[in-house]
There are 2 protein chains.
Amino acid sequence: MNISNTLQVNRPAVQPIPQPSLKRLPQYHHYLVDMETKGITRISCSAIGRDLGLVPVQVRKDLQYTGIIGKPKTGYSVSELIQAIEKFLGWNNVNEAFLVGVGNLGTALLGHERFSKFGLRIVAAFDTDPAKIGQWIHQKAVLPLDKLADLAPRMNILLGIITTPAEAAQAVADEMVKGCIQAIWNFAPVKLKVPEHIIVHNEDLYSTLASLSWKLARRLGVTVQEKQEKEAV
Amino acid sequence: MNISNTLQVNRPAVQPIPQPSLKRLPQYHHYLVDMETKGITRISCSAIGRDLGLVPVQVRKDLQYTGIIGKPKTGYSVSELIQAIEKFLGWNNVNEAFLVGVGNLGTALLGHERFSKFGLRIVAAFDTDPAKIGQWIHQKAVLPLDKLADLAPRMNILLGIITTPAEAAQAVADEMVKGCIQAIWNFAPVKLKVPEHIIVHNEDLYSTLASLSWKLARRLGVTVQEKQEKEAV
DNA sequence: TGGTTATCGGTATGAATATATCGAATACGT
DNA sequence: ACGTATTCGATATATTCATACCGATAACCA
């Protein structure tokens, strides 16, 4: 903690873009690609904001991080903007990935063709279940997990995707670390213990579900409450 | 925008918990359930923070929103804490949901048994593909989409899940609105246009992928940069 | 050609979130 | 029984992020 803070202070450019901005960039990208197919060549922050439900200033600030420069009155070139985002996110160079855990979700991700457009290519799957090993799912071989640590360095794989149940995730992460994998996309709802230099991103469906059910429950509660308030008036 | 702001001002209790805290609660829940199965009955914020990579103060603040009270020196009762979170998130009362889009991801979600432990029960699936309609997937019937708006009110379904391609998502959302659905969990990478009172939560895999690939690309770049810096010294 | 309007880029303010600090309370060891 | 260490709850500060503002610039129109 102390060490990394010191590093931050010495090199303030380590995190030049806010996380929320970074997460909005793909939204813009989707939208812009859509606009481009519709034949639109130039676009303003106001238009983007209107269609995406964001205030124009925020859009402008987000886009500025990609280094794009716009022109007053006309905005940005759509194609330049798309390229700027792709370059900024590193979607030009393909990241090859291993996926571990060929359950429902793992299978779904293996079959998700569109990832290839965003710099991600899942090249092989792993599992411990003998019934699954040896199968081909969506044109990808399912290999035994214990081969991962050996194969990853040889194939120069830097990214691992974990779609196992929570109980198995840590062991899988350990294997990935052994295989010199640099970044982990973790769909299991556990905090992985990995060396500090490994990048871990968690995709926790339950966290979204939590806000959703909280709001829904509250909504129903509030409705009742409002009714009572009205009656009280 | 003005209206809702005014409402916020008049009733400041509308959003008493920060979104980030809300999203961390399921993490705590997972962790606590895990601890409970290990026979641990009491736990402190320090311990939770250590295992989950958070500072104790943040854990404490998050947990306070659930209304739980702890005791100095020993912390909280694990079982009470679990119940407090579940109650707070509304995971006690089951939300029944319709899912639309029986592709890879939709199928995966239909098969995800664990949702039932978190107050979510997907009761039926919908699609427009005649090849899929009439099938049973993971014990759930696949019905034609145009039946949704009629069935939802009759079955008192308040939650809709969209796992269609981006192009179809808006039309599906429109159907859901017609069916008086209150909340939408949207996996398609588009901004849905719906009436203001509808709760929409987007699950954008690409946004995580974006930060991941950005960091990975940058990591590789930074490594090179550091090497050059060292050589320059 | 000159005024008008929309937009950008930069800076300043404000809101939301995270973290630090402090007194009080409780268990534990001596 | 008393001091010590740990933790809670509450308040205060700091950081991060979102939004508002303002001057400058380029297109559009009269």
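Each chain gets a letter, A, B and so on, in the order its sequence line appears, and its residues count up from 1.
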State which of [options] makes the closest approach to the side chain of [X].
X	options	answer
B:Ser21	C:dT17, C:dA18, D:dC17	C:dA18
B:Val57	D:dA10, D:dG9, C:dG9	D:dA10
B:Pro20	D:dA18, C:dT19, C:dA18	C:dA18
A:Gln64	C:dT17, C:dG10, D:dC8	C:dG10
B:Tyr76	C:dA18, D:dG9, C:dT17	D:dG9

Would you kindly give the [atom1]-to-[atom2] distance between [X] and [N], to the nearest whole Å?
X	N	atom1	atom2	value
A:Ile69	D:dT25	CD1	P	14 Å
A:Ile68	C:dT7	CD1	P	17 Å
A:Arg60	D:dC22	CZ	C1'	12 Å
A:Lys61	C:dT11	NZ	C1'	10 Å
A:Leu54	D:dT19	CG	P	8 Å
A:Ile17	D:dC17	CD1	P	10 Å
B:Gln58	D:dA14	CD	C1'	14 Å
B:Gln19	C:dA16	CD	P	13 Å

- Item | For DNA chain C, the residues among residues 39-53 of chain A that have a non-hydrogen atom under 4.0 Å from it |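 Going residue by residue through residues 39-53 of chain A, the ones with a heavy atom under 4.0 Å of DNA chain C turn out to be A:Ser44, A:Cys45, A:Ser46.
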- Task: Decide whether B:Trp185 and A:Thr208 meet the rule of one side-chain donor and one side-chain acceptor closer than 3.5 Å.
- Result: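 No, no side-chain donor-acceptor pair sits under 3.5 Å.
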- Ignoring hydrogens and angles, state whether a donor on the side chain of B:Gln170 or B:Asp174 is under 3.5 Å from an acceptor on the partner side chain. yes
- Letter by letter from the 5' end, nucleotides 24-30 of chain C scores (B base, S sugar-phosphate only, - none; protein heavy atoms under 4.0 Å) -BBB---
- Task: Would you mind telling me which of A:Leu120, A:Leu159, A:Val200 makes a side chain to side chain contact (heavy atoms under 4.5 Å, CB included) with B:Leu212?
- Result: A:Leu159
- If we only count heavy atoms from C-beta on, is the A:Ser211 to B:Lys23 side-chain gap below 4.5 Å? yes
- For the pair A:Asp34 and A:Lys38, find out whether any cationic side-chain nitrogen is under 4.0 Å from an anionic carboxylate oxygen.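 A:Lys38 and A:Asp34: salt-bridged.
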- Message: Please confirm whether the ring centroid of B:His29 lies under 6.0 Å from the ring centroid of B:Phe118.
- Response: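 Judged by ring-centre distance (under 6.0 Å), B:His29 and B:Phe118 do meet the cut-off.
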- Query: Quick one: does B:Thr66's side chain have a donor or acceptor within less than 3.5 Å of a partner on B:Ile85's backbone?
  - Reply: no
- Enclosure of B:Lys87 NZ (heavy-atom neighbours >12, cutoff 6.0 Å): no
- Look at atom CD1 of A:Ile69 and say whether more than 12 heavy atoms of other residues, nucleotides or ligands are closer to it than 6.0 Å. no
